[in-house]
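Structure first, then comments.
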Amino acid sequence: MELYFAPMEGVTGPQFRRAHHIYFSGVDKYYLPFISPTQDHVFTPRELRNVGPQANEGIPAVPQLLTKNAGDFLWAAGELQKMGYEEVNLNLGCPSGTVVAKGKGAGMLADLEALDRFFQEVFAADLGKLKISVKTRLGLESPQEFPALLEIFARYPISMLILHPRVRTDYYKVPVRRTEFLKVLPDIHCPLCYNGGLTTVEDCVRAEMEFSGIQGIMMGQGLIADPALARKVRGGAPAGLEELRSFHDMLYQGYLRDFGSQKNAVFHMKELWSYFFRLFDGGEKLFKQIKKAQDSRSYEGAVDRIFRELPLRQDGDWSK
Ligand SMILES: Cc1cc2nc3c(=O)[nH]c(=O)nc-3n(C[C@H](O)[C@H](O)[C@H](O)COP(=O)(O)O)c2cc1C
């Protein structure tokens with residue numbers, strides 16, 4: 001079974017992926033946070049920092065596109081293929097109000113005819129060896145929408161379906177609908193990946209056993225909270241304090257360098273810590289200090305205390 005890092009906009013950017021790949025093994029592919037190609041058919045400098053060839057050198061990376069326009073998708077996919085990527089992922093899961101209102105992300109699940117036309121146009125094009133995978137939810141409002149969606153997916157050579165078994169209106173709040181995943185599993189005949197709520201080795205092993213035949217599992221928040229989670233699933237060692245510190249420092253220094261502003265770097269590190277504190281016994285209290293930090297000095301003070309004073313937990317604590 002393969003292990004994939006979920007795309008997490010605002011967290012798993014290029015600096016994060018590089019640092020993670022250097023310090024922690026076990027991830028077969030890193031799916032990148034989405035980029036939204038427009039009709040201008042140029043990548044913005046920000047997008048290039050995410051998907052440009054140097055951004056992911058030596059990292060098994062899969063870019064993700066968020067668009068409902070097949071022409072824009074094909075343009076971006078072609079450019080990404082020229083950069084050397086072997087797979088491009090389509091985002092059919094983003095639940096954000098502004099995205100869905102434009103008929104993109106999970107919004108594409110609302111109009112089956114348009115979705116079918118999109119795939120028809122994409123797969124009619126000469127994509128060479130480029131693989132097109134899809135990351136989707138069960139539907140917009142109800143899991144009952146899924147069979148009709150699956151009928152469309154089944155018409156096309158989708159290289160892998162990544163199914164996050166929630167509907168759009170669940171956002172990330174309602175518990176993952178594992179039983180719905182189990183229900184639809186026998187009807188899915190393309191390579192399949194399960195995504196959602198995997199935070200411990202036991203969760204991952206259970207998913208592999210319960211969802212037999214799946215090609216892989218994808219982890220997001222759990223793998224940010226415990227960067228060694230994939231390595232542990234492979235039978236490797238849990239994260240040590242020193243390697244976590246080195247990983248943290250590489251990421252933080254990267255942010256300070258690339259964002260050119262302490263405030264910005266600290267802002268981005270807070271995003272990481274909103275997951276990472278779970279791996280430290282009693283981390284919640286000191287995370288509050290991190291949240292208050294406005295500059296490097298106060299941020300570094302709080303981080304030093306966490307690494308110096310708090311014992312590491314075996315698994316992230318998700319009770320809070
Ligand atoms: C802050 C945040 C950003 C996300 N960004 C993306 C994204 O860019 N593309 C995407 O397909 N999913 C995105 N997701 C969804 C995750 O990839 C994943 O499907 C979700 O977190 C459930 O998996 P998990 O429980 O393992 O975290 C995002 C989720 C969060 C919480």
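Numbering of ligands and ligand atoms starts at 1, following listing order. Computation of the quantities below employed the complete heavy-atom set of this structure, encompassing side-chain atoms and omitting hydrogens, waters and symmetry-equivalent molecules. Residues take their numbers from the sequence shown, with the count starting at 1.
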Task: Polar proximity ligand 1 side, Q221 side, N/O cut 3.5 Å exclusive - done: yes
Open item on the list: For atom 9 (N) of ligand 1, what is the closest protein heavy atom, and at what distance to 0.1 Å?
Closed with: Q64 OE1, 2.8 Å
Open item on the list: Geometry only, no angles: is P7 polar-contacting ligand 1 at N/O separations under 3.5 Å?
Closed with: yes
Open item on the list: Looking only at protein heavy atoms, which one is nearest to atom 15 (C) of ligand 1, and what is the separation?
Closed with: Y172 OH, 3.0 Å
TODO: Decide salt bridge (Lys or Arg N to Asp or Glu O under 4.0 Å) for E243 and R231; before the verdict, give the C-alpha distance in whole Å, the side-chain angles of both, and the deciding distance to 0.1 Å.
DONE: CA-CA 13 Å; E243 73 180 337; R231 185 172 76 192; 2.6 Å; yes
TODO: Would you mind listing which atoms of ligand 1 come within a distance below 4.0 Å of any non-hydrogen atom of F34?
DONE: 7 (C), 8 (O)
Open item on the list: On the six-membered ring of Y172, is R137 placed so that its NZ or CZ lies under 6.0 angstrom from the centre and within 45° of the ring axis?
Closed with: yes
Open item on the list: Could you measure the distance from the CG atom of L286 to the CD atom of E309? Nearest 0.5 Å is fine.
Closed with: 6.0 Å
Open item on the list: Do Y299 and I290 have side chains that approach each other closer than 4.5 Å (heavy atoms only, starting at C-beta)?
Closed with: yes
Open item on the list: With a 4.0 Å cut-off on heavy atoms, is V11 in contact with ligand 1?
Closed with: no
TODO: Just jot down the ligand 1 atoms closer than 4.0 angstrom to any heavy atom of P33, in number order.
DONE: 8 (O)
Open item on the list: Any nitrogen or oxygen of E9, side chain or backbone, less than 3.5 Å from one on ligand 1?
Closed with: yes
TODO: Considering heavy atoms of the protein only, find what lies nearest to atom 25 (O) of ligand 1 and give residue, atom and distance to 0.1 Å.
DONE: G197 N, 2.8 Å
Task: G196 touching ligand 1 at heavy-atom level, < 4.0 angstrom - done: yes
TODO: Could you find the nearest protein heavy atom to atom 22 (C) of ligand 1 and give me its residue, atom name and distance?
DONE: H164 CE1, 3.4 Å
Task: ligand 1 atoms in contact with K135 (distance to a heavy atom under 4.0 Å) - done: 10 (C), 11 (O), 12 (N), 15 (C), 16 (C), 17 (O), 18 (C), 19 (O)
- [ ] Identify the protein heavy atom lying closest to atom 19 (O) of ligand 1, giving its residue, its atom name and the separation to 0.1 Å.
- [x] N195 OD1, 2.6 Å
Task: Heavy-atom side-chain proximity of R168 to V100 below 4.5 angstrom - done: yes
Open item on the list: Checking the N or O distance criterion of under 3.5 Å, is ligand 1 in contact with G220?
Closed with: yes
Task: Spacing of CG belonging to L161 relative to NZ belonging to K135, to within rounding of 0.5 Å - done: 11.0 Å
TODO: Compute both the distance and the angle, then confirm whether R178 meets the cation-pi test with Y194: under 6.0 Å from the six-membered ring centre, within 45 degrees of the axis.
DONE: yes
